[in-house]
Amino acid sequence: MSLLEVADLHAHYDKIHVLTGVSLCVDASEIVSILGRNGSGRSTMLKALIGLVPPTAGSVRLAGRELAGLLPYRIAKAGLGYVPEERLIFPNLTVHENLEIGLKPAAGGRPPWTIEQMYAFFPRLLERRGTKAGNLSGGEQQMLTLCRSLLGNPSLLMIDEPTEGLAPKIVRQLVDVMLEINRRGVAIILVEQKMTVALQVAHRCLIMGRGQIVFEGSPQQLRENVDVRRNWLEVA
Ligand SMILES: Nc1ncnc2c1ncn2[C@@H]1O[C@H](COP(=O)(O)OP(=O)(O)OP(=O)(O)O)[C@@H](O)[C@H]1O
Ligand SMILES: [Mg+2]
């Protein structure tokens with residue numbers, strides 16, 4: 001059994017059928033990258049998994065437990081973490097207060113993540129611990145959003161386009177932290193537009209097209225498959 005098992009997941013915005021039957025699995029030790037063109041439904045898929053867009057059909061099982069139809073906070077409590085594209089911070093609270101709000105008890109007997117570990121991952125946040133989060137740079141807000149989700153002690157963390165608009169140095173830092181938290185036992189679903197980043201961190205790559213998974217393979221297989229890239233990724 002995989003940690004996450006999604007079967008024939010559908011989602012609509014009113015009458016628009018955006019997810020038309022997504023099926024995928026993620027193992028406990030994996031980083032899976034989700035690629036696809038703009039508008040292919042990647043963000044909607046993450047939102048459907050966390051319950052922000054309620055699925056209209058299908059199944060989402062995390063560690064064997066059915067989550068489809070539950071409210072987002074229940075799904076988060078069951079171990080699914082979500083780092084949305086828009087950086088979710090409390091602008092009028094300090095960096096440290098934002099982190100404190102993220103602290104949740106760990107499920108499943110693993111040691112919980114600590115705020116000190118977050119500062120070790122991102123020393124810049126330690127330097128800015130007393131700063132109001134609204135005054136942080138985009139990259140710092142992205143670090144903070146990631147840390148807040150991680151402090152919820154998810155078994156699987158879903159991250160939507162974390163590197164968008166960030167300087168290469170910060171992108172490298174985020175990549176290192178994603179690899180490190182994965183080494184420490186957190187599975188990751190990464191929606192990532194930058195092909196180099198997606199291929200660098202992923203154990204497995206999935207491509208979304210027309211609201212479904214249309215390709216699954218290793219980063220190497222995707223690198224070698226010109227047709228798949230032309231059909232589903234490159235902009236004509
Ligand atoms: N709140 C919404 N209401 C109506 N339609 C939406 C809404 N959010 C997204 N859509 C539509 O659903 C489709 C999938 O959007 P989604 O945001 O999931 O794509 P994506 O793959 O994340 O692309 P990108 O992030 O590049 O925009 C698009 O056609 C989009 O216009
Ligand atoms: Mg998106």
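Remember, it's 1-based here, ligands and their atoms both numbered in the order they're listed. The figures here come from the full heavy-atom set of this structure, side chains too, leaving out hydrogens, waters and symmetry mates.
- The shortest separation from a heavy atom of Arg37 to ligand 1 is under 4.0 Å, placing the residue in contact.
- Arg229 places no side-chain N or O within donor-acceptor distance of the main-chain N or O of Glu234, the cut-off being under 3.5 Å.
- Between Met45 and ligand 1, no N or O atom pair is found at a separation short of 3.5 Å.
- Looking at ligand 1, you'll find an N or O of Asn38 within less than 3.5 Å of one of its N or O atoms.
- Less than 4.0 angstrom separates some heavy atom of Val18 from each of these atoms of ligand 1: 12 (O), 13 (C), 14 (C).
- Within the 4.5 Å cutoff, side-chain heavy atoms of Arg42 are placed close to those of Gln193.
- Note that atom 30 (C) of ligand 1 has no protein non-hydrogen atoms nearby, at separations under 4.0 angstrom.
- A donor-acceptor pair under 3.5 Å is formed between the side chain of His203 and the backbone N or O of Ile31.
- Taking the side chain as every heavy atom from C-beta outward, Leu4 and Leu24 approach each other to under 4.5 Å.
- The closest approach between Ser40 and ligand 1 falls below 4.0 Å for a heavy atom of the residue.
- Of all protein heavy atoms, the one closest to atom 24 (P) of ligand 1 is Arg42 NH2, 3.5 Å.
- Heavy-atom neighbours of Arg184 CZ from other residues, nucleotides or ligands within 6.0 Å: above the threshold of 12.
- Ranked by closest heavy atom to atom 14 (C) of ligand 1, the top entry among Gly211, Ala11, Ser43, Gly39 is Gly39.
- Listed by atom number, the atoms of ligand 1 under 4.0 Å from Thr44 heavy atoms are 14 (C), 15 (O), 16 (P), 18 (O).
- Residue Gly41 places at least one N or O, backbone or side chain, under 3.5 Å from an N or O of ligand 1.
- Proximity of Leu144 to Arg87: side-chain heavy atoms (C-beta onward) are nowhere separated by under 4.5 Å.
- Of the protein's non-hydrogen atoms, Tyr13 CE1, 3.4 Å is the one closest to atom 9 (C) of ligand 1.
- There is a protein heavy atom less than 4.0 angstrom from atom 16 (P) of ligand 1.
- Distance alone, capped at 3.5 Å, places no donor-acceptor pair between the Ser40 side chain and the Gly209 backbone.
- The closest approach between Glu161 and ligand 1 falls below 4.0 Å for a heavy atom of the residue.
- Between His96 and Tyr119, the ring planes are parallel. Angles under 30° get that label, and only those over 60° would be called perpendicular.
- Ser43 lies close to the Mg ion (ligand 2), since one of its N, O or S atoms is found at a distance under 2.8 Å.
- Using a 4.5 Å heavy-atom cutoff, the side chains of Asn98 and Ile89 are in contact.
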